[in-house]
Amino acid sequence: MEKYLSQLNEAQLEPTIQKDGPMIIIAGAGSGKTRVLTYRIAYLMNQGVDAFNILSLTFTNKAAKEMKERISTIVGSGEAKNLWMGTFHSVFAKILRFEGHHLGFPSNFTIYDTQDSQRLMGSIIKEMGLDKDIYKTKQIYSRISSYKNSLITVKAYFNNPELKEADAMARRPKMGEIYKEYVDRCFKAGCMDFDDLLLRTNELLTRFPAVLAQYQDRFRYILVDEYQDTNHSQYLIVRALADRFQNICVVGDDAQSIYAFRGANISNILNFQKDYDGVKLFRLEQNYRSTKNIVHAANSVIEHNETKLDKVVWTANDEGGKVKVHRSLTDGDEGRYVASTIFETKMNNQLQNSDFAILYRTNAQSRAMEDALRKREIPYRIYGGLSFYQRKEIKDVTAYLRLILNPSDEEALKRVINYPPRGIGQTTIDKLMVAANGYGKTIFELLENLDKVDIKINAGTKRKLSDFTTLIKSYQVMNETANAFDLAEHVTKTSGLMREFNKDGTPEGITRLENVEELLNGIKDFVEGQMELADASDSLAEFLEDVALATDLDADKGDVDHVALMTIHLAKGLEFNHVFIVGLEEDLFPSAMSMNTRSELEEERRLFYVALTRAEKQAYLTYALSRYRWGKLVDSEPSRFIEEIDDEFLEILTPTEERRINPMLSADIFGDSKSKIVNPNKIRYKPAKKPVLKKGGTAAKKEPEKFQVTTPKNLKPVAKTTAIDASNTNTNLFDSELAVGSLVKHIRFGNGEVLKIEGAGADVKAEINFQHGGVKKLLLRFAKLEVIG
DNA sequence: TTACGTACATTTTTT
DNA sequence: ATGTACGTAA
């Protein structure tokens with residue numbers, strides 16, 4: 001242990017060996033907080049605290065796993081095994097498996113992900129006959145989610161006239177009824193959504209003092225990482241559990257609070273000292289990660305926030321290169337710049353792909369980056385977005401597994417009852433739902449007793465229904481004895497899922513099959529891992545829980561060396577040698593949705609701070625003058641965040657005077673006449689500021705259509721093998737290029753022959769006979785075709 | 001009941 | 001540009 005403690009600096013050592021009592025560690029970016037947390041846990045165990053009595057809550061499962069491994073190397077894996085470590089959601093899901101029965105939940109409750117929850121919400125809104133344009137599923141879902149995170153139960157909602165008033169004002173007077181129905185339906189289905197895992201834990205600890213006492217006694221030492229991103233619900237759980245021993249250690253950085261949108265409450269960390277008596281405060285301010293230029297640049301940005309704790313992050317590291325700022329014309333150019341910079345930097349400095357990360361504000365931005373990386377043949381991996389487990393084919397398989405485990409799971413049932421198609425249509429399902437509600441039974445219970453129930457379904461359909469029921473029941477029987485892998489494999493083969501996936505031979509269909517394959521392999525790995533743990537008691541249930549709570553970051557596939565692409569949110573806690581922060585444009589970053597209030601803008605700024613502090617050696621900030629959004633080319637201007645960085649830490653690679661690649665590009669050719677036109681209609685909130693980084697001209701902004709016609713791409717001679725750019729709106733091109741009889745290549749359908757060309761202007765369509773997929777009619781404006789002859 | 005076409009909305013971030 | 005929703009034809 002001594003050996004390890006000697007690796008810490010003084011500021012880190014103090015909190016590490018502070019054993020008892022409440023404490024808070026304000027840890028600046030890159031200051032080694034994970035190391036402190038890890039060593040502190042090891043130290044506690046070294047001091048005789050039983051691993052069994054330590055609860056450590058992390059932000060991702062991956063962080064938990066890594067921490068556990070590091071602790072194992074210090075104290076031995078036998079000891080570390082008993083540590084309870086994980087995200088709030090996964091830890092309390094486990095506790096609810098044991099204790100949920102107090103609340104009327106079965107121990108095999110299933111977990112609804114966002115998709116399931118929203119589907120359920122959607123069908124409730126539909127059943128209640130409400131206007132779906134006013135009651136927008138997503139909005140209703142997030143509203144209810146925020147109620148739950150603030151511990152506003154259905155009852156509390158109805159007792160709160162202000163809330164009802166607010167929803168009525170928003171023309172949604174039925175909000176409470178929807179909320180109630182949603183909660184009832186989840187309960188009846190034996191399901192919990194993400195928020196329930198916390199809310200129900202609170203309910204459990206509040207209503208059952210004996211249970212609370214039991215866990216208080218168990219968790220004598222509690223550590224919470226990323227405390228700045230806890231919501232009210234999590235805050236109360238921690239308070240309740242720590243109340244008895246008061247050995248609570250929270251770690252966080254107010255400057256990195258970026259989850260307010262999902263209920264995180266920054267005042268949890270700001271007010272921690274008021275919540276407990278005799279709180280010891282520690283600060284970690286030395287950054288070991290980044291160069292001086294990066295640290296100082298980040299500091300100068302965060303200075304613009306009003307709400308923050310007093311803290312000065314500094315570093316003894318090298319000066320390093322200045323933060324590079326690059327402007328491109330379009331998002332496509334931005335991608336090409338990033339890709340070629342990675343390519344060259346890698347060559348010149350003998351770096352690996354994994355030394356680079358591309359961070360963006362929204363998932364949609366990944367596409368331009370992907371295209372460019374692919375052209376350069378740079379391996380990359382996209383983290384987040386549609387995660388593996390959310391893909392349709394994977395959800396189809398897991399829905400069967402969920403249903404086996406918990407036949408009440410309504411969303412799982414609705415998903416598979418007619419998939420693969422077995423002649424059970426919407427009408428039948430609707431009838432079943434109505435009847436189920438009438439009898440107060442679940443749909444599956446109804447299915448088991450079809451002949452005893454008064455329901456108007458014809459005999460043929462009834463047979464189909466009972467076949468389905470028998471099928472599921474046979475799986476349930478198998479689940480008694482078989483392990484999760486054998487069962488899953490059996491299900492995919494015998495349910496017709498495999499046949500269904502096999503049916504289409506398109507490249508996407510093959511990808512789907514591969515995904516299912518991968519899922520099965522994953523289950524196999526999981527089962528084998530469980531065997532080693534000796535108790536393969538309920539492998540299916542545990543696997544499904546892992547699936548529901550997994551983040552993309554957690555998945556650790558033995559990947560080849562790759563560049564990482566992810567949103568900034570996902571990048572929290574990670575570090576990379578070289579970091580590209582792309583799309584630094586007003587309305588994108590900061591997001592247009594987040595500029596209404598000061599606090600929203602400050603969160604965006606913290607997000608930028610997080611992004612910048614991911615970089616160890618070199619940070620790049622890039623933006624484009626126009627980019628595709630909603631399928632249209634939209635002009636944009638540089639983000640205020642660039643301007644907020646002190647000039648001395650920046651290197652502007654593309655100085656204000658625009659490089660004119662092509663004289664036609666200069667918007668100035670339209671002259672002063674246009675720039676004198678003032679558009680009085682353009683009113684837009686903008687704090688007083690003068691962009692330091694001006695763009696070439698303003699005419700383009702006002703007359704985008706005219707401007708586009710002169711885009712240089714259109715003027716370039718198009719070689720035979722040139723891919724037709726989707727951004728190209730000059731349709732004359734197609735006439736000269738494509739003719740009946742031309743041979744073309746499509747990224748998805750392969751080679752094909754043009755049979756017919758029709759339409760005019762932007763709507764030119766071609767009918768093409770493809771090798772794969774047969775005859776298709778494609779809009780040339782969108783289809784990326786390569787002319788090959 | 002299903003399959004297919006057209007219309008439509010949709011982009012902020014996630015456990 | 002992509003996914004979903006709804007209507008119509010088979």
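Note that this is a predicted model, so its numbers are computed, not measured. What you see below is based on every heavy atom in this structure, not just the backbone, and it leaves out hydrogens, waters and symmetry mates.
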query = Hey, does A/K138 reach any base, or is it just sugar-phosphate, or nothing, if we go heavy atoms under 4.0 Å?
reply = sugar-phosphate
Stacking check A/F261 vs B/dT14 (5.5 Å / 30 deg) = no
query = Short question: side chain of A/R97, backbone of A/F109 - any donor-acceptor pair under 3.5 Å?
reply = yes
note = Contacts of A/H569 meeting ring-ring contact (aromatic ring centres under 6.0 Å, His included) (sequence neighbours excluded), chain-then-number -> A/Y259, A/F261
For nucleotides 3-8 of chain B, give me every protein contact, N/O to N/O, under 3.5 Å, one pair per line with atom names.
none

remark   = Residues at least two apart in sequence or cross-chain that pass ring-ring contact (aromatic ring centres under 6.0 Å, His included) with A/Y235, listed by chain then number, are A/H232
remark   = Sequence neighbours excluded, the answer for side-chain hydrogen bond (donor to acceptor under 3.5 Å, both in side chains) partners of A/E393 is A/N515
query = What integer distance in Å separates A/R627:CZ from B/dT11:P?
reply = 18 Å
message = Taking Watson-Crick (N1-N3 plus N6-O4 or O6-N4) and G-U wobble (N1-O2, O6-N3), each under 3.5 Å, can you produce the dot-bracket string of DNA chain B? Use [ ] for crossing pairs and | for inter-strand ones.
response = ||||||||||.....
inquiry  = Checking A/K464 now: which residues fulfil salt bridge (charged side-chain N to carboxylate O under 4.0 Å, His left out) with it, not counting sequence neighbours?
reply    = none
request  = Report which part of the nucleic acid A/Y259 touches: base, sugar-phosphate, or nothing (heavy-atom distance under 4.0 Å, all strands).
outcome  = sugar-phosphate
remark   = Quick note, A/S591 side chain, CB onward, closest among B/dT1, B/dT15, B/dT12 is B/dT12
